[in-house]
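Let me begin by presenting the structure, written as structure tokens, before commenting on it.
Throughout, protein chains are lettered first and strands after them, A, B, ... in sequence-line order, and every chain is numbered starting at 1.
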2 protein chains.
Amino acid sequence: MEVTKVENQRLAIQKKIDKVLCSKAEPETCCPVKDILARFGDKWSIYTILTLGKEEKLRFNELKSQINGVSQRMLTVTLRSLEEDGLVSRQVYPEIPPRVEYSLTPLGQGLLLQLLQLADWAKLNIDQILEARERYAKKEKQAQLA
Amino acid sequence: MEVTKVENQRLAIQKKIDKVLCSKAEPETCCPVKDILARFGDKWSIYTILTLGKEEKLRFNELKSQINGVSQRMLTVTLRSLEEDGLVSRQVYPEIPPRVEYSLTPLGQGLLLQLLQLADWAKLNIDQILEARERYAKKEKQAQLA
DNA sequence: CAGAATCCTTAGTGATACTG
DNA sequence: CAGTATCACTAAGGATTCTG
């Protein structure tokens, strides 16, 4: 019985993978995971989403000062691409000096929750990963000596 | 009552973000999410993990033929980095011709589950994202005409 | 078969200067 | 303030050739 259960779980996973992993043709829009990952797989998107998640509404320079190390250019590029995907909304107030407020859309908030879940897993397993890296580094060293 | 509940949820999220988002110093090892994302934010890692998740054990060329478009070099690089993090195990059989079998470690299987969860979200929301992109493209076009 | 090594192209990123 | 435009650099990725 137990064995069948595990077996069934395995099959369910394989089935899921098959649906997610469209192996051929159209590299775009075909694999939704890949497409989503491309959104925050870059250097600044995660930080931007997390920072906006904390504060609800932030102006350009507020974001820039809270995201440590980002350049003006890259923040602009990142915000544009997030806006393009409907994850961030951009509210322009036609004043002088100009004021622009950024915030997460409901869609962006949904993604934020996914990121936080991933973060839970990451925190739970980061030590294992760091250990694995050390082990690997040691093995490398020994291989070089030989 | 309802309001307080929502309010509390919001605070819980902000707290979580604060823990995940270490804003200053040590860019490495400090933000676990970023660190994990760097693992499969690249071009081939996800495909590799998903493909290995389907088949349990695969040889180098089997992987290469199943991951559509990957070069020999990039597959090697990807596998090495996944092995380094303890996500993939590499079993060498000292025969002639050589045989090498790759498989997910328990840690890698854990990450696979996370990826599949993300995939669920992705599939659920990909349409909204695509719509947002179209809307954005239209707005861009109109702005250019003006 | 499973790669290592090399070279080359280009996309991502960053610094700087300028503008409504 | 909130950008845009330009240039320059680096690293990711890919094509090819060679090997135990």
Residue [X], side-chain heavy atoms: nucleotide from [options] that is nearest:
X	options	value
W44(B)	dG14(D), dA2(C), dT4(D)	dG14(D)
F60(A)	dA2(C), dG3(D), dA4(C)	dG3(D)
R59(B)	dC1(D), dT4(D), dC1(C)	dC1(C)
P98(A)	dA2(C), dC1(D), dG3(D)	dC1(D)
D42(B)	dA4(C), dG13(D), dG14(C)	dG13(D)
Y102(A)	dA2(C), dG3(D), dG14(C)	dG3(D)

Check your understanding: Donor-acceptor pair under 3.5 Å: do we get one between R73(A)'s side chain and the base of dG3(D)?
Key ->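 Flag unset: no donor-acceptor pair detected.
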Next item on the list: Answer with base, sugar-phosphate or nothing: what part of the nucleic acid does E95(B) contact at a heavy-atom distance below 4.0 Å?
Entry: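 E95(B): no heavy atom of the nucleic acid under 4.0 Å.
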Q) So what does K43(A) hit on the nucleic acid, given a heavy-atom distance under 4.0 Å: a base, only sugar-phosphate, or nothing? A)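 Here K43(A) touches the backbone only, sparing every base.
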message = Are the side chains of R10(B) and E56(A) in contact, using a 4.5 Å heavy-atom criterion?
response =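 The answer is yes; the side chains approach within 4.5 Å.
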**Prompt:** So do the side chains of L79(B) and F60(B) get within less than 4.5 Å of each other, counting heavy atoms only?
**Reply:**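 Yes. Closest side-chain heavy atoms under 4.5 Å.
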Euclidean distance, atom [atom1] of residue [X] to atom [atom2] of [N] [Å, nearest integer]:
X	N	atom1	atom2	answer
L58(B)	dC1(C)	CG	P	15 Å
L63(A)	dC1(D)	CG	C1'	14 Å
I96(B)	dT19(D)	CD1	P	17 Å
E101(A)	dA2(D)	CD	C1'	13 Å
Q72(B)	dA4(C)	CD	C1'	10 Å
L75(B)	dG14(D)	CG	P	12 Å
K57(B)	dA2(C)	NZ	P	14 Å
R99(A)	dG3(D)	CZ	P	13 Å

Can you tell me how far CG of L115(A) sits from CD of Q109(A), rounded to the nearest 0.5 angstrom?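 The CD atom of Q109(A) sits 13.0 Å away from the CG atom of L115(A).
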Item checked: Rounded distance [0.5 Å steps], OH in Y47(B) versus CD in Q66(B) ->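 The OH atom of Y47(B) sits 14.5 Å away from the CD atom of Q66(B).
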Next item on the list: Give a yes-or-no answer on whether the side chains of S103(B) and S89(B) include a donor-acceptor pair shorter than 3.5 Å.
Entry: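 Distance-only check passes for S103(B) and S89(B).
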| query | Looking at DNA chain C, which of residues 77-93 of chain A put a heavy atom within less than 4.0 Å of it? | reply |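 Heavy-atom contacts with DNA chain C come from no residue of residues 77-93 of chain A; none.
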Is there a path of hydrophobic side-chain contacts, each under 4.5 Å between heavy atoms, that joins V92(B) and L104(B)?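 Cluster IDs for V92(B) and L104(B) match.
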For this session: Measure from the side-chain N and O atoms of E83(A) to the backbone N and O of V88(A), and report whether any donor-acceptor pair falls under 3.5 Å.
Result: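 Answer holds: no.
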